[in-house]
Protein chains: 2
Amino acid sequence: MTKDTQKLNSIEKAIEILLKFQEAKSHWGIRELSAELSFSPATVQRILQILKSYDFVRQDPATRQYFIGNIFYRFLQTLNATNSLTVLGKNFLNEVARQTKETVHLNVIEDSFRICIDHIESPMVLKASMPVGHRSPLYAGASAKCLLAFSSQAFIDNYLAEVNLEQLTENTITQPERLQKELESIRSQGYAISLGERTPGLGSLSVPVFDYDGLIQASLSLAVPEVRIKQEDHLEFCINILVEQAGAFSKALGFKTGQF
Amino acid sequence: MTKDTQKLNSIEKAIEILLKFQEAKSHWGIRELSAELSFSPATVQRILQILKSYDFVRQDPATRQYFIGNIFYRFLQTLNATNSLTVLGKNFLNEVARQTKETVHLNVIEDSFRICIDHIESPMVLKASMPVGHRSPLYAGASAKCLLAFSSQAFIDNYLAEVNLEQLTENTITQPERLQKELESIRSQGYAISLGERTPGLGSLSVPVFDYDGLIQASLSLAVPEVRIKQEDHLEFCINILVEQAGAFSKALGFKTGQF
DNA sequence: AACAGTGTTTCATAATATAAAACAGTTGCG
DNA sequence: CGCAACTGTTTTATATTATGAAACACTGTT
């Protein structure tokens, strides 16, 4: 989101400040934020004091710098209980986990990124990890490409026009034309596969979940270590289970088979 | 937190509104919130529009009611990467998980509740679940009691004076005197145990993690199904590993053994 | 000691948030 | 159908509140 320039009301300023506390830069001083956002130091100071009093941010007593507060953990419980995708999806994730023994995860688009909203980690010793909240761009990895592939053409075109296809690994797709073809191929076969597009050695399978309107709501995915995704029979087995459970999930959301 | 009465600035009002979207009541209308918080409908309306534009809340197109937005998933990634407890703790959680094969979790106090900030689920078929963000009162369950037991006496007294010890299950401790004795016992033996104090059939073991000041920062815990926690040798084995890893964790935070 | 950084506080002024009321839809009921 | 009682939303004049510049207090460094 991140709105442009000046002329924000105080709530928007508070939100813009909160959004600055990202993984890339987790600790901020007041004058630093002031310069970054073009708010006066007094304003930044006042807003941070308010946010601090609610534990949205905390302050390091030694450096006096601010960082994100623990209150956000609390909203997670609300999300898990409220979000119909995580509530309904629980059974399907469990079923995929039970049958495949791989790390299962459920993803949605949030602010032009794929974000993991639920997961069950593999019981195996060699496993891929995918914590809730994990974010990645929409062009790299099966779960991300799957979400993008089944979005509206307008969304895809807009995304491709704005995004910079950064080379994250040697397998990342960096040419828009190749990505377009890949998306077409995902749509025609009904699922997405990737190997090391974002993280070397990490394979991924993903199938879309649709709602009653036929709109993509999530992608149901497996994160599989390279050695196991290269086993043809295991791969096929996993895809079948994913397709089956994602289909049942879509049905539970009111999607009618053959709706298109 | 939840500040009293009127005379809040607009940012505080926005936060108070956000905090109303809890598990217990996840969907709110404008006049409903207006009545609940004594803000005028126009104010609630304006604030919700701002929050909506940043995806802090969403609006159901059919009912027009508001519910929590997906942006909070995004802050989780920041927390995981920023919070020194989750970053440092990863290794110790892994080690406990590897050795015990039970569900491991890390907890802190947030707003007078125990909240789970990291977890690794058991690879076993019969297992206890403990998702990140899971909240419980400080008087029920080993992880919660452990956090309370090693807090300052002032905090404990204040907590016991304010809290209502609700009977969550038939095993919940509901008498303040019994809870005080239980806390003493936890302090003297160095770990906490519970069985079905919050959820029937769910057992729990927990050991405190201290920082360089000797203050409790977290509790490292196992969630174990009743049938396995009743096995004496398994119980003892689990406690030993927890004590060992929580000790190493404390040391990593600068705690000196025998600091008290 | 002087300097160059912090975070923080003060205060008059200007901008913004506010509540009441009106508006615009929806639902339920006789 | 039509009234009533709900919704969420918009308007507007007024008063509260947020604002930036400057000063302050404190740090560590040169």
Measure the distance from CG on B:L48 to P on D:dT7 and round it to the nearest whole Å.
15 Å
For A:F75, all residues meeting ring pair (Phe, Tyr, Trp, His ring centres under 6.0 Å), sequence neighbours excluded:
B:F72
I'd like to know if the side chain of B:D211 pairs up with that of B:Q217 as donor and acceptor (distance under 3.5 Å, no hydrogens or angles considered).
yes
Between C1' on D:dT17 and CD1 on A:I50, what's the gap in Å once rounded to a whole number?
11 Å
Considering only C:dT8, D:dG20, D:dG8, which nucleotide approaches the side chain of A:T43 most closely?
D:dG20
Using atom CZ of A:F39 as one end and atom P of D:dG20 as the other, report the distance to the nearest whole Å.
9 Å
Phosphate-side-chain proximity, B:Y66 and D:dT7, N/O vs OP1/OP2 below 4.0 Å:
no
Report which part of the nucleic acid A:E32 touches: base, sugar-phosphate, or nothing (heavy-atom distance under 4.0 Å, all strands).
nothing
Nearest-nucleotide comparison on DNA chain D, the residue closer to the 5′ end among B:T63 and A:S40
B:T63
Closer than 4.0 Å, any side-chain N/O of A:Q45 to the OP1 or OP2 of C:dG7?
no
The complete set of salt bridge (Lys or Arg N to Asp or Glu O under 4.0 Å) pairs with one or both residues in residues 245-254 of chain A, sequence neighbours excluded, reads none
So what does A:Q59 hit on the nucleic acid, given a heavy-atom distance under 4.0 Å: a base, only sugar-phosphate, or nothing?
sugar-phosphate
Check the distance between D:dT16's C1' and A:N9's CG and give it to me in whole angstrom.
16 Å
Its contact letters, B for base, S for sugar-phosphate only and - for none at protein heavy atoms under 4.0 Å, make nucleotides 22-30 of chain D read ---------
Return the value, rounded to whole Å, for the distance between atom CD1 of A:I47 and atom P of D:dT17.
16 Å
Could you tell me the separation between the CD atom of A:Q65 and the C1' atom of C:dT8, rounded to a whole number of Å?
15 Å
For a quick test of your reading: what N or O donor-acceptor pairs under 3.5 Å do the side chains of residues 157-165 of chain B make, sequence neighbours left out?
residue : atom : partner : partner atom : Å
B:D157  : OD1  : B:Q153  : NE2          : 3.0
B:Y159  : OH   : B:L138  : N            : 3.0

Whole Å only: how far is the NZ atom of B:K13 from the P atom of C:dT16?
16 Å
Run the ring pair (Phe, Tyr, Trp, His ring centres under 6.0 Å) test against A:F249 and tell me which residues pass, sequence neighbours left out.
A:F92
Salt bridge A:E32-A:K25, side-chain N to carboxylate O under 4.0 Å:
yes
Please compare A:I30 and A:I11 by the position of their nearest nucleotide in DNA chain C and report the one closer to 5'.
A:I30
With B:F67, which residues qualify under ring pair (Phe, Tyr, Trp, His ring centres under 6.0 Å), at least two apart?
B:H27
Rounded distance in Å - CH2 (B:W28) to C1' (D:dC6)
18 Å
